[in-house]
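Written out below as structure tokens is the structure these notes cover.
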Amino acid sequence: MSYALFLGCFIPTRAPSYELSVRLMMRAFDVNLIDLTEATCCAPIPIESLDYTTSLAIAAYNLCLAEEVGLDLMPMCNGCYQVLSKTNTILRTRKDLKTKTNEILGKVGKEYKGTINVKDYLQVLCDDIGFKNIKNKIVKPLKDLKVAVFYGCHLLKPSSILTFDDPEDPHLLDELVELTGAVSVPYMYKTKCCGSPLKSVSDELANKLARDKLFNAHQAKAECFVTVCPSCFLQLDLGQLVIRRKFKESYDLPVLHYPELLALAMGMDSKEIGLNTHRIRTDNIIKKYVDLE
Amino acid sequence: MSQKIRSLSVNEPLKSTQLDPKFKYEVAKEPGGEGLGYCFQCGKCTATCPIRRVESIYKPRQILRAALLGLREIVLSSDVIWLCATCFSCTERCPQGVKLADVMRAIRNIAVREGYIHPFFQAQGKMISEIGRIFEDDEFINEQRADLGLPPVPIVNLEEFKKILDSTKIKELLASKGSK
């Protein structure tokens with residue numbers, strides 16, 4: 001099983017430990033990842049907001065790179081997943097936009113054909129690898145670790161295009177988390193935005209939204225967050241330091257990328273997967289649930 | 001905070017000359033703006049919006065109503081159109097199937113063409129146009145990657161990327177002074 005790996009810009013430059021854990025995890029399940037060496041940014045929301053035509057061209061350029069290697073494209077960021085999926089869908093259905101986009105791509109000798117699919121790595125885990133195979137690899141269950149599971153927005157919505165899970169009451173990531181022995185605790189505003197896209201547009205609003213997430217997870221007695229999007233991760237990890245200061249509160253909720261949680265349960269070493277690069281220290285949960293006494 | 005945001009509220013009665021009845025068609029012509037006319041003002045979007053919960057001035061329903069009424073300049077120059085975090089909750093729940101996040105994108109695209117660009121979006125646009133990414137790589141990050149056993153950050157084919165951008169209007173749009 002092979003996929004074209006789409007790194008995006010955030011992960012390789014700001015969240016390398018996340019990239020490492022995805023690579024290690026896929027290797028453990030014999031999924032072959034081909035790096036797209038010339039990929040650009042996916043064409044994130046700011047570009048879409050400025051000029052949709054440009055956004056379609058940039059996203060389609062990246063889809064072309066995957067078409068050239070003949071593999072489905074596997075992003076590991078909610079933002080990339082949503083933008084690339086949306087573009088793939090709209091260019092397949094709107095001939096006028098496809099023609100216009102291909103006119104632009106023609107300048108660099110590329111043509112979008114619509115021959116590949118975009119599949120988030122969580123879909124690869126659920127559909128291709130399967131819960132049973134994942135469960136078989138768990139050698140160090142993180143028994144009863146209380147996790148606030150956070151899907152983020154762009155993994156689930158718009159559900160007219162993204163079909164991964166139920167947008168109102170998602171459950172797949174909860175199940176993936178519980179495969180590791182951890183427990184997913186219910187908390188208020190679980191599916192609400194973390195505020196990350198509002199950073200720099202209005203830091204005040206972005207902080208309020210992030211604070212709500214931390215407050216509610218804390219109320220639910222969660223011991224950590226598990227995220228699958230680097231933007232949500234940054235908002236809750238680095239952002240937690242800001243929230244502590246601004247709201248004079250003392251949250252201490254480590255944030256783990258899902259593949260990191262899985263890697264720990266699969267017996268990988270916490271230093272080896274780069275957990276020490278997180279801003280909120282993970283030592284306490286490692287001591288309590290991984291090293292066991 | 002609330003005082004600083006240019007909202008859609010008007011202090012005096014509107015004159016009919018302030019209305020542009022064609023604005024709704026202008027929005028509907030943009031890809032994604034098609035559903036605007038189906039809005040029947042139930043307010044589910046505002047009720048469901050996480051931004052509305054923390055900022056009372058932000059009301060998606062009001063933005064759509066103003067667009068339908070034809071308050072073109074007021075909508076395009078307002079700050080509220082840039083507050084949508086694109087979480088798609090409203091899009092998901094609208095009983096009329098209006099894709100609000102896409103309508104908001106359509107309105108932003110028109111605003112940009114009219115010279116109203118939010119400075120943050122302008123800065124991000126410029127960054128991406130220059131380096132092909134939102135975030136730069138540097139020696140430090142490549143050292144950190146090497147320590148983790150990862151290959152260096154992949155290199156964007158800037159020659160091709162810039163050719164693509166040159167075939168669109170993005171540079172022209174970004175050159176605008178912003179916030180007309």
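Per chain, numbering begins at 1; letters A, B, ... match sequence-line order. Quick note: numbers below take in every heavy atom, side chains included, and nothing from hydrogens, waters or symmetry partners.
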Q: Heavy-atom pairs under 4.5 Å with chain A are the metric here; pick the option from R113(B), E136(B), E159(B) that has the most.
A: E136(B)
Q.
For I155(B), which atoms come within 4.5 Å of any heavy atom of chain A: side chain, backbone, both, or neither?
A. backbone
Q: Using a cut-off of under 4.5 Å on heavy-atom pairs, state which of K208(A), R14(A), K199(A) scores highest against chain B.
A: R14(A)
Q) Among I58(A), T53(A), D96(A), which has the most heavy-atom pairs under 4.5 Å with chain B? A) I58(A)
Q. Does F140(B) CZ have over 12 foreign heavy atoms under 6.0 Å away?
A. no
Q: Under 4.5 Å, counting heavy-atom pairs only, tell me which of C41(A), A39(A), S196(A) racks up the most with chain B.
A: C41(A)
Q. Do other residues, nucleotides or ligands put more than 12 heavy atoms under 6.0 Å from K22(B) NZ?
A. no
Q: Using a cut-off of under 4.5 Å on heavy-atom pairs, state which of T37(A), I273(A), L97(A), L56(A) scores highest against chain B.
A: T37(A)
Q: Supply the atom-to-atom distance I57(B) CD1 to L83(B) CG, rounded to the nearest 0.5 angstrom.
A: 9.0 Å
Q: For the pair F135(B) and M127(B), evaluate side-chain contact (heavy atoms from CB on, under 4.5 Å) and give the outcome as yes or no after the intermediate values.
A: CA-CA 8 Å; F135(B) 298 100; M127(B) 179 69 134; over 6 Å; no
Q. Non-hydrogen atoms of chain A under 4.5 Å away: do they reach the side chain of Q124(B), the backbone, both or neither?
A. side chain
Q.
At a heavy-atom distance under 4.5 Å, which candidate from C84(B), C87(B), P151(B), P154(B) has the highest pair count against chain A?
A. C87(B)
Q: Just give me the residue among I107(B), I141(B), T48(B), N109(B) that pairs up with chain A most often, heavy atom to heavy atom, under 4.5 Å.
A: N109(B)
**Q.** Within 45° cone of Y112(A) ring axis and under 6.0 Å: K98(A) NZ or CZ
**A.** no
Q: Using a cut-off of under 4.5 Å on heavy-atom pairs, state which of L7(A), D212(A), T277(A), I90(A) scores highest against chain B.
A: D212(A)
Q: Classify the side-chain pair N78(A)/Y151(A) by whether it contains a donor and acceptor separated by less than 3.5 Å.
A: no
Q. Looking just at side-chain N and O atoms, do N216(A) and K190(A) make a donor-acceptor pair shorter than 3.5 Å?
A. no
Q. Just by distance, with hydrogens left out, do E260(A) and S17(A) show a side-chain donor and acceptor under 3.5 Å apart?
A. yes
Q) Have D51(A) and T168(B) got a donor and an acceptor in their side chains that come within less than 3.5 Å? A) no
Q | Part of Q82(A) lying under 4.5 Å from any heavy atom of chain B | A | side chain
Q.
So for Y61(A), is it side chain, backbone, both, or neither that comes closer than 4.5 Å to the heavy atoms of chain B?
A. side chain
Q: Check the angle between the aromatic planes of H154(A) and F88(B) and answer parallel, tilted or perpendicular using the 30° and 60° thresholds.
A: perpendicular
Q: Might you confirm whether atom CZ of R92(A) has over 12 heavy atoms from other residues, nucleotides or ligands at distances under 6.0 Å?
A: yes
Q. Non-hydrogen atoms of chain A under 4.5 Å away: do they reach the side chain of P152(B), the backbone, both or neither?
A. neither
**Q.** Proximal component of K107(A), with respect to chain B [non-hydrogen, under 4.5 Å]
**A.** both
Q | Polar side chain donor-acceptor pair, S129(B) to K171(B), under 3.5 angstrom | A | no
Q) Can you say whether P158(A) sits under 4.5 Å from chain B via the side chain, the backbone, both, or neither, judging by heavy atoms? A) both
Q. Under a 4.5 Å heavy-atom cut-off, does chain A meet the side chain of I164(B), its backbone, both or neither?
A. both
Q) Between V112(B) and chain A, which part of the residue has a heavy atom less than 4.5 Å away: side chain, backbone, both or neither? A) side chain
Q: Against chain A, label L150(B) side chain, backbone, both or neither, depending on which of its atoms sit under 4.5 Å from a heavy atom there.
A: side chain
Q.
Can you tell me which of L50(A), L198(A), L209(A) forms the most heavy-atom pairs within a distance under 4.5 Å of chain B?
A. L50(A)
Q. Using a cut-off of under 4.5 Å for heavy-atom pairs, which of D137(B), V153(B), T86(B) has the most such pairs with chain A?
A. T86(B)
**Q.** Residue among T91(B), I134(B), N142(B), D138(B) with most heavy-atom pairs under 4.5 Å to chain A
**A.** I134(B)
Q. Is it the backbone or the side chain of F161(B) that comes under 4.5 Å from a heavy atom of chain A, or both, or neither?
A. side chain
Q) How are the rings of F121(B) and W82(B) set relative to one another: parallel (under 30°), tilted (30 to 60°) or perpendicular (over 60°)? A) tilted
